[in-house]
Amino acid sequence: MIRLTKENIDIHQLFEEVNSGSAGGVDIFVGTVRNATKGKEVIALEFEAYEKMAISELQKIVDTVISRWPVQKVAVIHAVGYKKVGEIAVAIAVACPHRNEAFEACRYIIDTLKETVPIWKKEIFHDGEVWVSAHP
Amino acid sequence: MIRLTKENIDIHQLFEEVNSGSAGGVDIFVGTVRNATKGKEVIALEFEAYEKMAISELQKIVDTVISRWPVQKVAVIHAVGYKKVGEIAVAIAVACPHRNEAFEACRYIIDTLKETVPIWKKEIFHDGEVWVSAHP
Amino acid sequence: MIDRKIALEILAFGITKEVLKARSIEIELNEPVNIAHLKEVLLQEYPELGDLNSLAIAVNSEYAEDDTQLSEHDEVALIPPVSGG
Amino acid sequence: MIDRKIALEILAFGITKEVLKARSIEIELNEPVNIAHLKEVLLQEYPELGDLNSLAIAVNSEYAEDDTQLSEHDEVALIPPVSGG
């Protein structure tokens, strides 16, 4: 399951997407909106996605994970639109027969997502906005 | 938060226990009851704990994690009593400023829990019961 | 020799949307045209694109190389440094 | 010389509860007594304990070493191989 959503991301639902009687370990990574960046207070984030390509890049990541680790089920859900501090930006769940594989596969997904998936976040401060990582 | 419970373990509630505006990454590990062990169908598990000592051993693990990684919040919850296939046996959530720390700390907790915490599981089959790992 | 022109619609995301002051622009280029050539044209028109940490181009939802050839009806997108997660 | 005896309550968990056929037993031992000595007595009484992958002893909720001395009122527990998670 790969999805972009404007709704609040539901961790329990994400877990149920991958839970099955045959998995021994499920690792879930949740990225949330932090209240500060480099010491400066963040009010909210805005996520923008090139949705079609984001889905296809996420699918590539999931395909790689399935080819490398004995993954039973994977779910990736990423927010688009405005998110407040403490809200969920991204949630990834991986179910595997053994836990080490679940940890490694989940970590691979979030690491690669941050490198390749066309989603951008704008940090909104009291006194302005900045597209994250855009400039040196 | 460290807890043993006979109730169903609620992943969303566990996440909310550790979520705060200052954490950038939360890693959650969930161990569930598998439907088979060594090819044999499992009907259910029974967990028994030496509760007082289990809590104090879990507290040691959490203390170690807090001393080794910049952990903001940790929650560990382990089932006691009967659990059916697919139900949650253990759930661990770790919130950190950066994701790698969350993955490492969460993995340390489940690895060490399985070595030191006085909790035992009995696998219940159609034709009998076995205390896991008791015998060579 | 006849110059054949192709019209390309370029989608812009994140900071590039602000640089171009539009969600998409249309440009006409003489064929043959590849990504390197397109980038040159865009940088001349929008020098601020050169200040970015990186600028990738996607063609039909796939990251494209400098020597990828462009054709009419390709969906082209500007991909500034991604920052999801 | 007078033998001073101490009475110890031993808690049993997991498979050890089945070997002892009880959640706890009480045994009397001559002082001084340490974990190694207690284990000898238990193995003699319950030889099946010797078939386990391992058998640790906890005293007052802490893993004890072979040379840990036992005193009256200590809470002693048999810890067969743990299998939580």
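Within every chain, numbering begins at 1; the chains are lettered A, B, ... in the order of the sequence lines, protein sequences first and strands thereafter. The figures here come from the full heavy-atom set of this structure, side chains too, leaving out hydrogens, waters and symmetry mates.
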| request: Answer with side chain, backbone, both or neither: which region of B:A89 has an atom nearer than 4.5 Å to a non-hydrogen atom of chain D? | output: side chain
| Between the main-chain N or O of D:G85 and the side-chain N or O of B:H78, is there a donor-acceptor pair closer than 3.5 Å? | yes
| task | Check whether B:E57 gets within reach of chain D through its side chain, its backbone, both or neither, counting any heavy atom under 4.5 Å. | result | side chain
| Which bit of B:K114 comes within less than 4.5 Å of chain D, counting heavy atoms only: side chain, backbone, both or neither? | both
| field | Proximity breakdown for B:V132 and chain D, heavy-atom pairs closer than 4.5 Å | value | both
| query | Of the backbone (N, CA, C, O) and the side chain (C-beta and beyond), which part of D:L55 lies under 4.5 Å from a heavy atom of chain B, both, or neither? | reply | neither
| query | If you take all heavy atoms of D:V82 and B:T116, which pair is closest and at what distance? | reply | CG2-N, 4.2 Å
| Can you name the ring pair (Phe, Tyr, Trp, His ring centres under 6.0 Å) partners of B:Y50, sequence neighbours left out? | D:F13
| said: Between D:L52 and B:H135, does the side-chain contact (heavy atoms from CB on, under 4.5 Å) criterion hold? Intermediate values first, please. | reply: CA-CA 5 Å; D:L52 301 178; B:H135 290 110; 3.6 Å; yes
| What is the distance from atom NZ of B:K52 to atom CG of D:L11, rounded to the nearest 0.5 Å? | 7.5 Å
| B:K60 NZ: over 12 foreign heavy atoms closer than 6.0 Å | yes
| Between CD1 of B:I119 and CD1 of D:I79, what distance do you get to the nearest 0.5 Å? | 11.0 Å
| query | Heavy-atom count around D:E28 CD within 6.0 Å, excluding the residue itself: above 12? | reply | yes
| field | Minimum-distance pair of heavy atoms, taken over all atoms of D:S83 and B:S133 | value | CB-OG, 4.4 Å
| remark: Taken in chain and number order and not counting sequence neighbours, the residues that satisfy side chain to side chain contact (heavy atoms under 4.5 Å, CB included) with B:K40 are B:F125, B:D127
| Which residues from residues 58-70 of chain D are near chain B, with near meaning under 4.5 Å between non-hydrogen atoms? | D:A58, D:S61, D:E62, D:Y63
| note | Across all chains, not counting sequence neighbours, the side chain to side chain contact (heavy atoms under 4.5 Å, CB included) partners of B:A36 are none
| Counting only heavy atoms not in D:Q44, do more than 12 fall under 6.0 Å of its CD? | no
| said: The test is side-chain contact (heavy atoms from CB on, under 4.5 Å); show your working for D:E75 and B:M53 and say whether it passes. | reply: CA-CA 11 Å; D:E75 183 175 300; B:M53 183 174 169; over 6 Å; no
| task | Check whether B:A49 gets within reach of chain D through its side chain, its backbone, both or neither, counting any heavy atom under 4.5 Å. | result | backbone
| Side-chain heavy atoms of B:W120 within contact of D:P80, under 4.5 Å | yes
